[in-house]
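One structure is given here, and the rest of the page talks about it.
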Amino acid sequence: MWPCLLLALALLGTVSASHPGLHQDAKLCLCHGSTAGRCLWAQVSAWCQPVPVPQRYCQDVYRGQLASVHSAARNQELQKLAQTYHIVLSPWIGAVTGRRAGQWESKWEDSSPWNYANWAPTHPLHIVTTCTTLSVRDGLWRSRFCLQLRPFICQY
């Protein structure tokens with residue numbers, strides 16, 4: 001099985017005036033396996049917002065979700081994509097850590113299986129419900145309070 005392949009990277013420029021703070025976006029297709037049959041489109045935004053806004057934005061604009069990550073190859077592809085925009089703050093991805101039935105658990109916003117994690121040491125935090133960032137520097141994930149202003153990655 002081939003690692004994820006970067007097939008296309010296209011600058012889209014700015015979006016509509018309804019989102020004046022949104023700057024350059026990138027679009028890429030990640031294909032899994034040896035054929036181009038299954039592609040996942042991802043969008044990176046330099047527009048910094050707390051998680052509830054990107055969740056809604058991904059749903060409303062792309063009919064998608066914040067990105068879920070299911071392999072080291074995909075993690076690296078998204079990290080490299082974010083690096084192309086020289087984003088200073090690590091972007092939001094779609095992992096949320098919270099307490100359920102007395103136990104701490106992490107889950108993907110898109111309800112996909114939790115089959116991969118790349119947490120930095122001491123993460124995820126088990127204090128309150130937290131959202132997750134993907135470090136553009138080291139590719140590790142860190143728990144953050146969901147109301148922090150950050151860029152984000154949508155998948156659709």
Side-chain angles (χ1 to χ4, degrees), residues 4 9-30 32 38-101 103-120 123-156:
C4 296
L9 178 63
L11 296 177
L12 300 178
T14 58
V15 295
S16 71
S18 64
H19 297 290
L22 192 55
H23 303 298
Q24 292 181 339
D25 292 340
K27 191 175 193 178
L28 85 155
C29 180
L30 300 174
H32 304 276
R38 288 185 357 130
C39 289
L40 172 68
W41 290 94
Q43 193 80 18
V44 174
S45 171
W47 183 41
C48 293
Q49 289 293 319
V51 157
V53 174
Q55 285 171 337
R56 186 62 170 214
Y57 184 86
C58 292
Q59 290 169 359
D60 292 350
V61 175
Y62 300 110
R63 294 188 181 123
Q65 304 281 338
L66 287 173
S68 58
V69 183
H70 300 283
S71 69
R74 174 132 165 88
N75 196 74
Q76 186 176 19
E77 292 284 353
L78 294 178
Q79 178 190 3
K80 285 180 181 180
L81 177 65
Q83 287 172 343
T84 64
Y85 289 90
H86 307 287
I87 295 171
V88 177
L89 291 174
S90 297
W92 294 120
I93 57 175
V96 177
T97 300
R99 196 173 185 108
R100 181 176 168 200
Q103 298 289 327
W104 288 98
E105 70 175 13
S106 298
K107 63 180 185 171
W108 293 112
E109 176 189 303
D110 66 3
S111 300
S112 60
W114 187 265
N115 56 5
Y116 174 79
N118 195 34
W119 294 110
H123 288 267
L125 301 176
H126 293 155
I127 302 168
V128 296
T129 296
T130 56
C131 297
T132 305
T133 61
L134 169 65
S135 172
V136 294
R137 183 176 42 84
D138 60 18
L140 296 175
W141 305 350
R142 290 175 174 81
S143 295
R144 303 288 184 214
F145 296 111
C146 300
L147 297 179
Q148 290 182 353
L149 299 177
R150 293 186 171 276
F152 53 94
I153 304 173
C154 295
Q155 69 182 20
Y156 57 100

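Because the structure is a prediction, the values reported are computed rather than measured.
In terms of heavy-atom proximity, Trp92 sits nearest to Cys131 at CZ3-CB, 3.4 Å. A pairwise comparison of heavy atoms in Leu89 and Arg150 identifies CB-NH1, 3.7 Å as the closest pair. Nearest approach of Tyr156 to Tyr62, heavy atoms of both residues: CB-O, 3.3 Å. Scanning all heavy atoms of the two residues, the minimum distance from Pro151 to Ile87 falls at CG-CG2, 3.2 Å. Closest approach of Ala82 to Val136, counting heavy atoms only: CB-CG1, 3.4 Å.
Ser143 places a side-chain N or O within donor-acceptor distance of the main-chain N or O of Leu125, the cut-off being under 3.5 Å. With Arg142 contributing its side chain and His123 its backbone, the two residues share no donor-acceptor pair below 3.5 Å. Judged purely by atom type and a 3.5 angstrom limit, His126 has no side-chain atom pairing as donor or acceptor with the backbone of Thr97. In this structure a side-chain-to-backbone donor-acceptor pair under 3.5 Å is present from Asn118 to Gly139. Remark: the backbone N or O of Leu149 is not paired with any side-chain donor or acceptor of Gln49 at under 3.5 angstrom.
To the nearest 0.5 Å, atoms CG (Leu140) and OG1 (Thr132) are separated by 12.5 Å. Interatomic distance, OG1 of Thr133 versus CD of Gln148, reported as 8.0 Å (0.5 Å rounding). To the nearest 0.5 Å, the span separating CD on Glu109 from SG on Cys58 amounts to 7.0 Å. Distance check, rounded to the nearest 0.5 Å: CG of Leu134 to CG of Leu66 gives 12.0 Å. The structure places CZ of Arg99 at 12.0 Å from CD1 of Ile127, a figure rounded to the nearest 0.5 Å. Atom-to-atom distance recorded for Ser90:OG and Gln79:CD is 9.0 Å, nearest 0.5 angstrom.
Applying the 6.0 Å contact sphere to CZ of Arg56 captures no more than 12 heavy atoms from other residues, nucleotides or ligands. Shown here is Tyr116, whose OH atom has more than 12 heavy atoms of other residues, nucleotides or ligands within 6.0 Å.
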>> Run Asn75 and Trp141 through side-chain contact (heavy atoms from CB on, under 4.5 Å) and show every step you take.
In response: CA-CA 10 Å; Asn75 196 74; Trp141 305 350; 2.6 Å; yes

> Is there a side-chain contact (heavy atoms from CB on, under 4.5 Å) between Val51 and Phe152 once you walk through the steps?
Replying inline: CA-CA 8 Å; Val51 157; Phe152 53 94; over 6 Å; no

>> Between Gln65 and Gln55, is the side-chain contact (heavy atoms from CB on, under 4.5 Å) condition met? List the steps.
In response: CA-CA 6 Å; Gln65 304 281 338; Gln55 285 171 337; over 6 Å; no

>> Applying side-chain contact (heavy atoms from CB on, under 4.5 Å) to Ser112 and His70, what does each step give before you reach the verdict?
In response: CA-CA 9 Å; Ser112 60; His70 300 283; 2.9 Å; yes

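Counting heavy atoms from C-beta on, the side chains of Trp104 and Pro124 never come closer than 4.5 Å. Contact check for Leu78 versus Val69: side-chain heavy atoms found under the 4.5 Å cut-off. Looking only at side-chain heavy atoms (C-beta outward), Pro52 and Leu147 come within less than 4.5 Å of each other.
Counting only N and O atoms by type, the side chains of Gln155 and Arg74 include a donor and acceptor under 3.5 Å apart.
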